[in-house]
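Given the structure is predicted, the values throughout are model-derived calculations rather than measurements.
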Amino acid sequence: MKNIFSVKSLLPPSGAVGDIPSTRDVYSRVLSIAMPSVCEMVLMSLISSIDTMMVGTIGPEAIAAVGIVGQPRMLVLSIFFALNIGVTAIVARRKGEGRQADANTTLRNAIMIVAACSIVMMILSVTFSRQLMTLAGAKADTIDDADAYFRILNLFLPVNTLTLCICAAQRGVGNTRITMYVNVTSNLVNVLFNYLLIGGNWGFPRLEVRGAAYATVMGLSVGFVLSIITIVGHGRRGYAGFLHLSARDNWKPDIQSIKAVTTLGGNAMLEQVALRFGFFAYARIVAELGTMAFAAHQICMQFLNLSFTCADGIGIAGTSLVGQMMGAKRPDLEVIYAKAAQRIALVAALLIAGTVAIFRVPLVGLFTQDHLVAGLACQVMIVVAVFQPFQTASVVISGALRGAGDNRYVAKVMLLCVAIIRPVCAMAAVYLLGTVLNLGDMALIGAWSASLIDMVIRMTLMYRRFNSGKWQEIVI
């Protein structure tokens, strides 16, 4: 077992091309970037779960209403996620090359692109909010709350997307501690105002689902201010270090930077569209099973998201270090750091899987006291546990490929697995179990099993690409 984690086992077949750090140094460097990201992502996911718990005090309909908003909101944000993948990869490469000025030029132009796009998307999403909620599967008992929640969030879309852009650049440099402070503080503000506004505590009005939306935008606003401080301020904590912008900089659009961001972002856009279409269609299929089944689904998604964010945090370290090593022209270290991130992710996956399987009953009990919803959720939690090793491996490997700029391949895999295989298998499973065999509750488990099939295929294809070494030939 020890040999599996040694630096020698991480070397590519071509061997070393320079000095190789010790096993301790390799894992220390990965963890120094990964741990703040993991803490950030996990804490944000936990806070999101607390958000769901607070909304759950209103009833299953409220949980379903907020859950329905999830995929349409991600669909709106997909263009910005795609651009940010390009920002992270380019800034990481420039960091490895020692080109600080070019990294800052990339960030300035990305900010201008995001600001313009977010205003357009804000207008469109607010205008067609109710239609999107209906398309997402909102019923008569959830449509009004879902529509109000979605509108309020999207009025603050520019604030949200600019924060995401700045944090993406900081992750490229490896400043994950900064992004952790920004996002954790933002989400803690969200939780505080959830408590005050959902139930009407300490003299505040009881706004229920709308209160949760107002709490979210207050948190987003705090995060935006903090993210701005990280690139314009000065201080002992290293703020405004490698990335530093000011009003005196040249804010004239730079065609080369815009082309680089939009090219990588364009490839990532296919991935994001595939992801959002697939998740949207999948959520729509599950929503047709009824409010109780969708509430159980939403509870289980909290735990799947928690494990996903853990893997994503480790994957960020892979993205940053692979990009930096490619900039430094060290193909051996590119592979070493990518594999080290995979080893760490495997250990985390096994720990999470055991926890979810053993403690599923009390964990589900944190979200609901409805026996029907809890029973359904506990059955699905077994599938969530099985998910873990496949999900973490897929997320971390795809992160390394993105760091290399291999977004096109990742996008093709996502298109095949998430946009085609997952919804088709889910629809077939729901029809077979729910309609043909009339097994009722088993239909939800069938839908989740379809997701597992998608994840296994996705992981296999990502491993195949990584082992081919083609991603090391990409030039940004």
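Donor-acceptor pairing under 3.5 Å is recorded for the side chains of Ser320 and Gln324.
Within a 6.0 Å sphere centred on CZ of Arg177, heavy atoms belonging to other residues, nucleotides or ligands number 12 at most. Arg151 CZ: more than 12 foreign heavy atoms inside a 6.0 Å radius.
Of all non-hydrogen atoms in Ser9 and Ser6, the two that sit nearest each other are OG-O, 2.7 Å. Between Ala404 and Val322, the shortest heavy-atom contact is N-CG1, 3.9 Å. Between Ala293 and Leu376 the shortest heavy-atom distance is CA-CD1, 4.0 Å. Between Val373 and Ile299 the shortest heavy-atom distance is CG1-CD1, 3.8 Å. In this structure, Tyr409 and Leu401 approach most closely via the heavy-atom pair CD2-CD1, 4.4 Å. Between Ala168 and Thr88, the shortest heavy-atom contact is O-OG1, 2.9 Å.
For Ser186 (side chain) and Gly219 (main-chain N/O), a donor-acceptor pair under 3.5 Å exists by modelled atom type.
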I would like to know whether Asp147 and Arg210 meet salt bridge (Lys or Arg N to Asp or Glu O under 4.0 Å); could you show each step before the answer?
CA-CA 10 Å; Asp147 180 42; Arg210 286 172 175 78; over 6 Å; no
Could you go through Met455 and Arg422, starting from their C-alpha distance and side-chain angles, then the distance that decides it, and tell me whether this counts as side chain to side chain contact (heavy atoms under 4.5 Å, CB included)?
CA-CA 9 Å; Met455 195 62 68; Arg422 177 180 290 206; 4.1 Å; yes
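Residue Asn190 is tested with Leu220, Thr216, Val222 for a side chain to side chain contact (heavy atoms under 4.5 Å, CB included); the sole match is Thr216. Screening Leu433, Val383, Leu289, Val430 for a side chain to side chain contact (heavy atoms under 4.5 Å, CB included) involving Leu444 leaves a single residue, Leu289. In summary, of the residues considered (Thr161, Leu162, Asn160, Leu164), a side chain to side chain contact (heavy atoms under 4.5 Å, CB included) with Phe224 occurs for Leu162 alone.
Between Phe466 and Trp471, the ring planes are parallel. Angles under 30° get that label, and only those over 60° would be called perpendicular.
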